[in-house]
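Letters go in sequence order (proteins before strands), and every chain restarts at 1. In this text the structure is predicted, and so the values were computed from the model without any measurement.
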Amino acid sequence: MPVSRPESSDSRIIAHVDMDCFYVQVEQRKNPDLRGKPTAVVQYNSWKGGGLIAVGYEARKDGVKRSMRGDEAKEVCPGIHLVQVPVARGKADLTIYRVAGSEVVSILARKGRCERASIDEVYLDLTDAAETMLKETPLESLESIDEEVLKSHVLGLSSDGKDDRESSVREWLQRKDADHRDKLLACGAIIVAELRLQVLRETEFTCSAGVAHNKMLAKLASGMNKPAQQTIVTSASVKELLETLPVKKMKQLGGKLGSSLQTDLGVNTVGDLLQFSEEKLQDFYGVNTGTWLWNTARGINGDEVQGRLLPKSHGSGKTFPGVRALKTVAAVEKWLKELCEELNERLQSDLEKNKRIAHTLTLERLPYCDFSKATLPHRQSKTISLLFKKQTLCPWSQSLSQNVQTTNAWSYKVDEIDQSVIEELPLEIQQEFRTWLRPQKRPNIMKRGSSIADYFSPTKN
DNA sequence: CATATTACTTCA
DNA sequence: TGAAGTAA
């Protein structure tokens, strides 16, 4: 739970940029025939037409939902174009979407601190850029205001939703009597509109954005007017906005905490939270979460935009339907190898592109739940250090399935990471490694191949 | 029978 | 520090 640093007068300018049905846009750029047509992206076509993971706006108009199967989508929208996610090594391969996401990040990072929040979302801290703009070009004197920024939705502006919205947005942007924070928001909106146009010019992708004084409100706003639009949250609009907002719509409150607020405290909207003292909330949920909730009710959020353009981790996984799907050790090893090879390829390109090297590896089995059949209820995971330790990784012999015939459980041993990998790193990082490694005892370094799987030597127990 | 990731927190 | 919980 993020701890909100109470910030009495938070005049930061924060934007949240969200790509519109991103996977669909990537596929439409690849195949322009699909532009303007109802389109969705599916994976695994064989069972009920595959699962939808992205739905274009034309298809949404016909009632297609993300929760649907391909077959179901065809029923409500017979003309829909279903594009399959690329498959490599027998599993979905999201590489093209990751690469497209990076294209967008590199553009959005030009005007301020940028945080890659997911494959298709970023936060921007535009405070400095907005302040600079306000100093150098007073808004009242702006001759030509960008077409795009005039299409902004300004929360709390009475004309929002009317015909002549553009002229009232222009009026709002240039108001002489506007307070300083509103002027900064206006500058933020101009910058974001420019960035969104640059994204469109350079990548052909549209996106939506929210501009506010903190991350929480910016995120809320980016989803309010989609696709290809932006929404500005003025301080004056916050109270009304949160008053009727269902708690479940708020980031972090979509899960168990949100449910607990409803059932245990009778809190249904964020506004309902205002009735509770900070102390009361802390008693119920602990100091951190309690304070965070108290601030959230007031539209206060101190979370900083982390300057981070790259993901912190890489993962590769596949779902196997039912406990019967993976019934032999050979099958488990086969799929483990496929997953390792994908991971290896991605770590390799991360090393080349970003000079980064992985130092921990986690193997994880997710829960499998079925009402009638046997279930594997809880997650199991095993984490190892790739750098120093000799450890054993053997979590799966019983847990993958009761049907795995393993009287002799199998395990993997990890040695030190291959020296040749370290040698490819920049000199200063190599130096760092040597200092880390010196006090450790060095196990014999055996020559290994390029696959992560090669870092594990299968042994019998 | 069926998504694939990613990030962050909590607890021992 | 590793395993599990929560959330998106």
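Of the listed nucleotides (dT3(B), dT5(B), dA7(B)), dT3(B) has the atom at the smallest distance from the side chain of Arg66(A). The nucleotide whose nearest atom lies closest to any side-chain atom of Leu257(A) is, among dA4(B), dA4(C), dA7(C), dA7(C). Nearest nucleotide to the Lys251(A) side chain, out of dA8(C), dA4(B), dT5(B): dA8(C). Nearest to the side-chain atoms of Lys256(A) among the listed nucleotides dA4(B), dT6(C), dT5(B) stands dT6(C).
Without hydrogens or angle criteria, Lys215(A) side chain to Glu304(A) main chain gives a donor-acceptor distance under 3.5 Å. Side-chain N or O atoms of Lys248(A) include one that pairs as donor or acceptor with a backbone N or O of Gly255(A) at under 3.5 Å.
Considering only residues two or more places apart in sequence or on other chains, Asp272(A) meets the side-chain contact (heavy atoms from CB on, under 4.5 Å) condition with Val267(A), Asn268(A), Thr269(A). Remark: Cys114(A) pairs with Val105(A), Ala109(A), Val122(A), Leu124(A), Leu309(A) by the side-chain contact (heavy atoms from CB on, under 4.5 Å) rule, at least two apart or across chains. Listed by chain and number, the residues in a ring-ring contact (aromatic ring centres under 6.0 Å, His included) with Phe22(A) are Phe205(A) (sequence neighbours excluded). In this view, Ala88(A) and Asp93(A) satisfy the side-chain contact (heavy atoms from CB on, under 4.5 Å) rule, not counting sequence neighbours.
Between the CG atom of Asp350(A) and the C1' atom of dT6(B) there is a distance of 14 Å, rounded to whole Å. Going from atom CG of Leu366(A) over to atom P of dT3(B) covers 11 Å, rounded to whole Å. Between the P atom of dT9(B) and the CG atom of Asn288(A) lies a distance of 9 Å, rounded to the nearest Å. If you measure from atom CH2 of Trp292(A) to atom P of dC8(B), you get 15 Å, rounded to the nearest angstrom. In this structure, Gln84(A) atom CD and dA4(B) atom P are separated by 13 Å, rounded to whole Å. Lys318(A) has its NZ atom 10 Å from the C1' atom of dT3(B), to the nearest Å. Between the CZ atom of Arg365(A) and the P atom of dT3(B) there is a distance of 15 Å, rounded to whole Å. Atom CD of Glu338(A) and atom P of dA4(B) are 14 Å apart (whole Å).
The neighbour count for Lys239(A) NZ, taken as heavy atoms of other residues, nucleotides or ligands under 6.0 Å away, does not exceed 12.
At the phosphate of dA4(B), neither OP1 nor OP2 sits under 4.0 Å from any side-chain N or O atom of Arg98(A). One finds a side-chain N or O of Arg69(A) lying less than 4.0 angstrom from the OP1 or OP2 phosphate oxygen of dT3(B). Note on Arg346(A): a side-chain N or O is less than 4.0 Å away from OP1 or OP2 of dT6(B).
dA4(B) and dA7(C) have their P atoms separated by 22 Å, with the value rounded to a whole Å.
Against DNA chain B, the stretch residues 108-122 of chain A makes no heavy-atom approach under 4.0 Å. For residues 42-54 of chain A, proximity to DNA chain B is found at Gln43(A), Tyr44(A), Trp47(A), Ile53(A), defined as any non-hydrogen atom under 4.0 angstrom from a strand atom.
Within the structure, ring pair (Phe, Tyr, Trp, His ring centres under 6.0 Å) pairs that include any residue of residues 25-64 of chain A do not occur (at least two apart or interchain). For residues 98-112 of chain A, the pairs satisfying side-chain hydrogen bond (donor to acceptor under 3.5 Å, both in side chains) are Arg29(A)-Glu103(A), Arg110(A)-Gln198(A), Arg110(A)-Glu202(A), with sequence neighbours left out.
When each of Lys91(A) and Lys312(A) is assigned the nucleotide of DNA chain B bearing its nearest heavy atom, the one mapping closer to the 5' terminus is Lys91(A).
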Run the side-chain donor-acceptor check on residues 67-83 of chain A: report pairs under 3.5 Å with partners two or more places apart or on a different chain.
from: Asp71(A); atom 1: OD1; to: Gly49(A); atom 2: N; distance (Å): 3.4
from: Glu72(A); atom 1: OE1; to: Arg69(A); atom 2: N; distance (Å): 3.4
from: Lys74(A); atom 1: NZ; to: Ile80(A); atom 2: O; distance (Å): 3.2

